[in-house]
Structure formats: C-alpha cells, structure tokens
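Note sheet for the following structure.
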Amino acid sequence: MLDVGLIRRDPERVRLSAKRRGLDPAFVDEVLRLDEEYRSALTAAESAQAEKNRLSAEIGKAADKAAAARELRPKLDELSGRIEELEQRVRELSPAERGSPLHELLAQAHNILDDSVPEGNDASKNVVVRSWGEPPKLSFEPLPHWELGERLGILDFARAAKLSGSRFSILLGPGARLARALAQFFLDRAQSKGYIEVNPPVLVSRDTMWSTGQLSKFADAMFRDDDADLFLIPTAEVPLTAMHGGEILSADTLPRKYAAFTPCFRKEAGAAGKDTRGIIRLHQFEKVELVWLSAPESSADALETLTRDAEELLRDLEIPYRTVALCAGDVGFNAAKTYDLELWVPSSQSYREISSCSNCTDFQARRASIRLRRDAKAKPELVHTLNGSGLPIGRTLLAILENFQQADGSVKIPAVLQPYMRAERISAG
RNA sequence: GGAGAGGUGGCAGAGUGGUCGAAUGCACUCGCUUGGAAAGCGAGCAGACGUGAAAGCGUCUCGGGAGUUCGAAUCUCCCCCUCUCCGCCA
C-alpha cells in the first residue's frame with residue numbers, strides 16, 4: 001500500500017513510477033481529490049465531537065447532573081444528529097475503510113519503483129547483471145527432465161494425475177531423497193548465514209494474505225477454504241513477513257532474517273497451456289524462502305546480500321545461472337526492485353527463472369504495520385521487507401537432472417549434495 | 001465438539017457509569033547523587049489520524065464489531081482469541 005502522505009507531498013514521483021511501469025497515473029489525481037474531501041469531512045466531524053465532549057464533561061462536573069443534563073439536552077441531541085451524518089461521510093471517504101474509493105485506489109496502487117530499476121515494458125528489457133558458469137557441452141542430445149525422470153523411475157506424472165489431476169508430480173526413491181537433500185542443504189546454508197529457521201502455518205487468514213499484498217490482486221491464483229476463510233500460501237513470504245504484523249521491533253534486533261521450508265500452492269490460472277510438462281510449473285511445490293525485515297536505510301544493501309545468498313547456492317550446486325535486474329514493466333506489484341535468478345535448462349537451451357529476490361521497501365510493512373523504533377524517544381517507523389527464494393526444490397531438482405545427466409542416462413549428484421544423498425549418482429533400475 | 005475462566009499500556013496489575021488514555025510496581029530514557037557503580041531522589045515514557053512552522057490543540061483506540069446512555073475500560077448483544085477440564089483425533 002502506498003502512503004497517502006507521499007502522494008500528497010510528491011505526487012509527481014508517484015505518477016512517474018506508475019508511468020515507468022506502464023500503468024495509468026490518473027489515480028494520483030483521484031487520490032488527491034478524495035484525500036482532500038476526506039480530511040475536510042474529518043475535521044468537521046472531529047470538531048463537532050469535540051463540542052459534544054465538552055458539553056458532556058460539563059454535565060459530569062455539575063453539582064446537579066440531572067439538571068445540567070436536562071438543560072443541555074436539546075443542544076446535545078442536535079449535535080448527535082450532526083455527528084452521525086458527518087461520521088457517515090467520513091467512513092465513506094476514509095482511506096482506512098475497506099471498500100471506500102480512496103482505500104481501493106491506495107490498495108491497488110503498485111509500489112514505487114527504485115530509481116535503479118532499468119526502463120522497459122517487458123521481460124525483453126531486463127538487464128543481465130552477472131552470470132556464472134558455462135552451459136555444459138554435452139556430447140549427446142540432452143533429455144528433458146520429465147523424460148529423464150521417468151526413465152530413472154524417480155518421476156511419475158501419470159499416477160500424480162490419477163491422484164490430483166494435471167500439474168502435480170510424484171517423486172520416488174532417489175528423486176524424493178534428492179528433494180529432501182536439497183531442502184536440508186538450503187536450510188543448513190541459511191542457518192550458517194544467520195537466518196532463523198521457521199516452520200510456519202501454510203494456511204493463513206484473509207487478513208494475513210491481504211497484509212502482504214497477495215489480495216485482492218492475486219485472489220484468483222490461490223487455493224482456499226471458504227468455510228474457514230483460510231488460504232493456502234502461494235509462498236512462505238506471506239507467513240514470514242506477516243509474522244511481525246502489528247509489532248514495533250527495536251532497531252537493534254534488525255535486520256531479522258528468516259528461512260522457511262514449506263509447500264506452496266498456486267492455481268496457475270493465467271498460465272493455461274504454459275509449461276504443462278515436467279515439474280517447472282505445478283499447483284503444489286516446495287521451496288525454502290528467505291525473508292528479511294530491515295531498517296529502511298539498509299534495505300538496498302540487504303537486497304544485494306539476499307540475492308548473493310541465493311546465488312551462492314546455485315554456485316555450490318554447480319548449476320550455471322545468471323542474475324537479471326527486472327525492468328520497470330516487469331517488477332511485481334509489491335516490489336520496488338527485483339533480481340531474478342535464472343538457471344540453465346539444457347533441454348530448452350534457455351535460462352529459466354528460479355528465484356525472485358525483491359525489496360518491497362515499506363509497501364508490505366505499511367499494510368501489515370511492521371515498524372521499528374530506533375530508541376526509547378523515537379517515533380516508530382515502517383521497516384522494509386525483502387524476500388527471495390533460496391531456493392525452490394522442484395526447479396533446482398529439474399536443473400540438476402538436466403545439467404548433470406550423463407550419456408548413459410544416469411545423473412551425477414553435485415558434490416555438496418552427496419553427503420545428504422549418501423550417493424554419487426542416480427541410475428536407472 | 002461440550003463445560004468453565006479470561007482478554008487493560010513493553011511486562012505485571014488496579015480500575016464495575018462521569019474530569020480515565022487509564023492507579024501502582026517493574027522495565028526503559030534523561031537528570032541529580034557518586035571517584036565509578038548500585039541504591040536513593042526528581043522528571044519523562046502507548047499508538048494512529050487531523051491541525052499547526054513549532055509548542056500545542058483536537059479526535060479515536062482498554063481483543064474486534066454493534067448497541068444502551070448526555071457520558072462506557074466499566075452495562076447489553078454478537079464475533080474472535082487465549083487458558084483449564086472433558087470428549088475425539090494426526
């Protein structure tokens with residue numbers, strides 16, 4: 001959510017950010033108009049209430065309360081009526097009132113882009129900031145991971161479809177073990193870098209979902225239970241970020257770094273026909289998510305560190321990847337700046353997204369009310385929130401299968417995983 | 001699912017209709033005291049919004065919402081959460 005105060009102080013900055021994203025900046029003028037209306041209604045309502053409070057206090061102070069009440073009655077009744085009307089108007093206009101036009105405009109506005117975000121309307125304008133590793137030169141035609149996985153007997157899509165339909169998978173034997181090894185490896189790494197491991201709920205309330213900016217924009221993309229009004233998380237970013245909602249954290253406890261290994265659930269409604277084969281896009285997948293709560297002045301550095309933390313995992317796994325700064329038109333709703341990590345997929349001879357590392361600045365913190373206090377006297381300020389996967393299990397597993405496949409159809413296990421796997425390769429049979 | 005108890009400031013804990021955003025204690029901040037510290041003493045110490053250059057002023061908030069009343073932390077209703085006991089269960 002955007003700060004009305006910012007729109008008031010610097011509307012041009014907000015317009016510019018919207019334009020860079022390719023969005024219509026007209027909402028800014030609408031916000032300014034509604035905000036003006038709201039504040040004048042609020043002032044009127046509050047001064048009427050002040051008058052009424054003054055009269056009520058007089059009754060309280062009077063020696064003969066009943067007599068005083070009788071005397072002031074007509075005036076109080078008249079005030080009460082007026083206050084009711086004014087308050088009705090305030091509610092209709094309030095930015096805090098769900099459903100009010102002002103609230104809707106503010107809630108739907110995208111985060112302000114960081115100045116360093118490259119210009120551009122779509123993914124073609126994303127900028128590669130660095131890359132690591134060479135795509136392996138295979139002496140044979142690489143198999144896509146779904147074929148490889150089925151031949152090795154570690155992936156079974158037919159039976160997954162029998163159980164749950166399309167976009168589900170079953171991992172078997174060494175495949176399931178490899179998934180577990182990855183989770184363990186990622187979590188161990190996170191811990192060594194000072195992340196606190198968290199095992200959070202994967203079902204969260206509507207308020208929680210809203211507070212991290214997943215609603216109402218992405219409501220269609222989520223699985224939910226209507227009776228309980230609970231949502232299955234599309235990413236652990238949601239519980240990890242919202243965990244400190246409504247709290248004021250003391251500055252010396254920042255940054256807070258959390259890592260969680262959880263399943264994630266996505267309907268992928270907008271992706272019909274896309275990546276229908278294999279495990280690249282499933283309704284249910286697992287990942288280790290990294291979340292930072294940081295002081296505002298440190299969040300730019302924090303994004304660099306978070307991104308490097310995720311990159312390092314790929315380097316240790318010896319998977320070629322590149323890091324891409326998303327251009328203005330490609331940065332998501334919540335984020336001010338995003339780096340995507342893309343890894344090499346031999347079967348499609350292309351880089352595919354594996355991790356998105358974002359600085360959401362105060363955008364989620366404002367919705368969730370996550371604040372920090374610098375010292376006893378200081379006013380609370382909003383923290384900045386950051387998130388990135390480090391890393392998703394399925395897509396990493398896919399990359400290992402494809403990049404480490406051998407001419408004989410077996411798959412080598414990256415050295416760092418061998419202790420976790422207690423094996424050096426996966427072979428058929 | 002059944003029965004009961006309870007939700008007040010960072011924490012503990014008063015407050016059952018009137019000047020209460022809220023006693024007191026602890027914690028915390030600043031000052032005095034001290035060679036330094038502890039203790040002691042004094043002052044301060046919730047958040048949001050509006051207004052203002054600021055000091056300040058105003059409004060709202062005692063789990064959430066609705067109501068009664070001139071006036072609600074206090075009374076009524078609904079909801080949520082926590083705890084205890086019972087049942088069921090991974």
Side-chain angles (χ1 to χ4, degrees), chain A residues 1-9 31-100 102-103 105-107 199-211 225-231 239 242-254 256 263 362 365-383:
Chain A
M1 177 132 77
L2 290 183
D3 177 16
V4 210
L6 172 68
I7 299 178
R8 217 141 61 196
R9 284 191 308 278
V31 166
L32 287 172
R33 190 180 65 73
L34 288 167
D35 175 54
E36 190 62 48
E37 259 186 79
Y38 161 68
R39 282 182 298 146
S40 71
L42 184 63
T43 306
E46 285 186 350
S47 58
Q49 185 63 52
E51 175 68 9
K52 189 180 171 190
N53 289 349
R54 205 155 40 238
L55 295 179
S56 277
E58 264 180 48
I59 297 174
K61 269 181 273 190
D64 185 346
K65 294 184 174 50
R70 221 175 304 120
E71 189 191 328
L72 292 171
R73 187 56 163 266
K75 213 164 175 184
L76 281 163
D77 285 348
E78 189 260 325
L79 270 172
S80 298
R82 214 166 82 216
I83 288 166
E84 202 171 322
E85 282 170 38
L86 289 167
E87 280 186 341
Q88 171 72 21
R89 178 121 184 87
V90 168
R91 266 197 304 280
E92 285 165 12
L93 290 164
S94 169
E97 189 76 9
R98 258 173 223 196
S100 85
L102 184 51
H103 180 272
L105 284 176
L106 291 170
N199 190 327
V202 299
L203 274 170
V204 302
S205 69
R206 176 176 294 273
D207 280 352
T208 299
M209 239 359 141
W210 190 86
S211 75
D225 179 85
D226 284 321
D227 289 337
D229 204 25
L230 289 173
F231 295 73
M243 203 160 55
H244 290 293
E247 297 181 21
I248 301 174
L249 308 167
S250 78
D252 54 23
T253 67
L254 296 177
R256 297 207 183 199
D362 63 8
R366 182 170 297 105
R367 287 183 162 226
S369 187
I370 310 169
R371 292 173 291 173
L372 70 107
R373 198 195 299 275
R374 294 184 193 273
D375 61 73
K377 287 267 161 55
K379 276 209 153 310
E381 302 166 50
L382 293 169
V383 304

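Sequence lines set the chain letters: A, B, ... in the order given, protein chains first and strands last, and positions in each chain run from 1. All figures in this text were calculated on a predicted structure; none of them were measured in a lab.
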Task: Pairing of A/E85 and A/R89 as salt bridge, 4.0 angstrom limit - done: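 Result for this pair is no, no salt bridge flagged.
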| query | Salt bridge or not for A/E51 and A/R54, using N-O below 4.0 Å? | reply |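 A salt bridge links A/E51 with A/R54.
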- Task: Report yes if a side-chain nitrogen or oxygen of A/R39 is closer than 4.0 Å to either non-bridging phosphate oxygen (OP1 or OP2) of B/rU51; otherwise report no.
- Result: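 True: A/R39 side-chain N/O within range (under 4.0 Å) of B/rU51 OP1/OP2.
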Looking at B/rA48, I'd like to know if its phosphate oxygens (OP1 or OP2) sit under 4.0 Å from a side-chain N or O belonging to A/K379.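 Yes, A/K379 has a side-chain N/O under 4.0 Å of OP1/OP2 on B/rA48.
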With both distances under 3.5 Å as the test, what is the Watson-Crick or G-U wobble partner of [N]?
N      : result
B/rA14 : none
B/rA72 : none
B/rU29 : B/rA43

Output the single nucleotide from [options] whose closest atom is nearest the side chain of [X].
X      : options                : answer
A/N53  : B/rC60, B/rC70, B/rA48 : B/rC60
A/P380 : B/rG47, B/rC49, B/rC60 : B/rG47
A/R373 : B/rC70, B/rA46, B/rG50 : B/rA46
A/S56  : B/rU59, B/rG47, B/rC70 : B/rC70
A/Q49  : B/rG18, B/rG50, B/rU59 : B/rU59

- Message: What's A/R8 touching, base or sugar-phosphate or nothing? Going by heavy atoms closer than 4.0 Å.
- Response: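 Answer is sugar-phosphate: A/R8 comes under 4.0 Å of backbone atoms only.
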**Item:** Donor-acceptor pair present, A/E46 side chain and B/rG50 base, under 3.5 Å
**Value:**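 Absent.
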Under a 3.5 Å threshold, yes or no: a donor from one side chain and an acceptor from the other, between A/E84 and A/Q88?
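Result is no, nothing qualifies.
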Can a side-chain donor-acceptor contact be found between A/S205 and A/D207 if the only test is distance below 3.5 angstrom?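 Judged by distance alone, the side chains do not pair up.
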Requested in this report: Using the C1' atoms only, state how far B/rU33 lies from B/rG40, rounded to an integer number of Å.
Outcome: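 Here B/rG40 and B/rU33 have their C1' atoms 8 Å from each other.
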Here's a test of your reading of the structure: between A/R371 and A/E51, which maps to the more 5' nucleotide of RNA chain B?
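Its nucleotide being nearer the 5' end, the pick is A/R371.
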ask   = Has the side chain of A/R98 got a donor or acceptor atom that lies under 3.5 Å from a matching backbone atom of A/H103?
value =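 Not at all, since once roles are kept as given, no pair shorter than 3.5 Å links the two residues.
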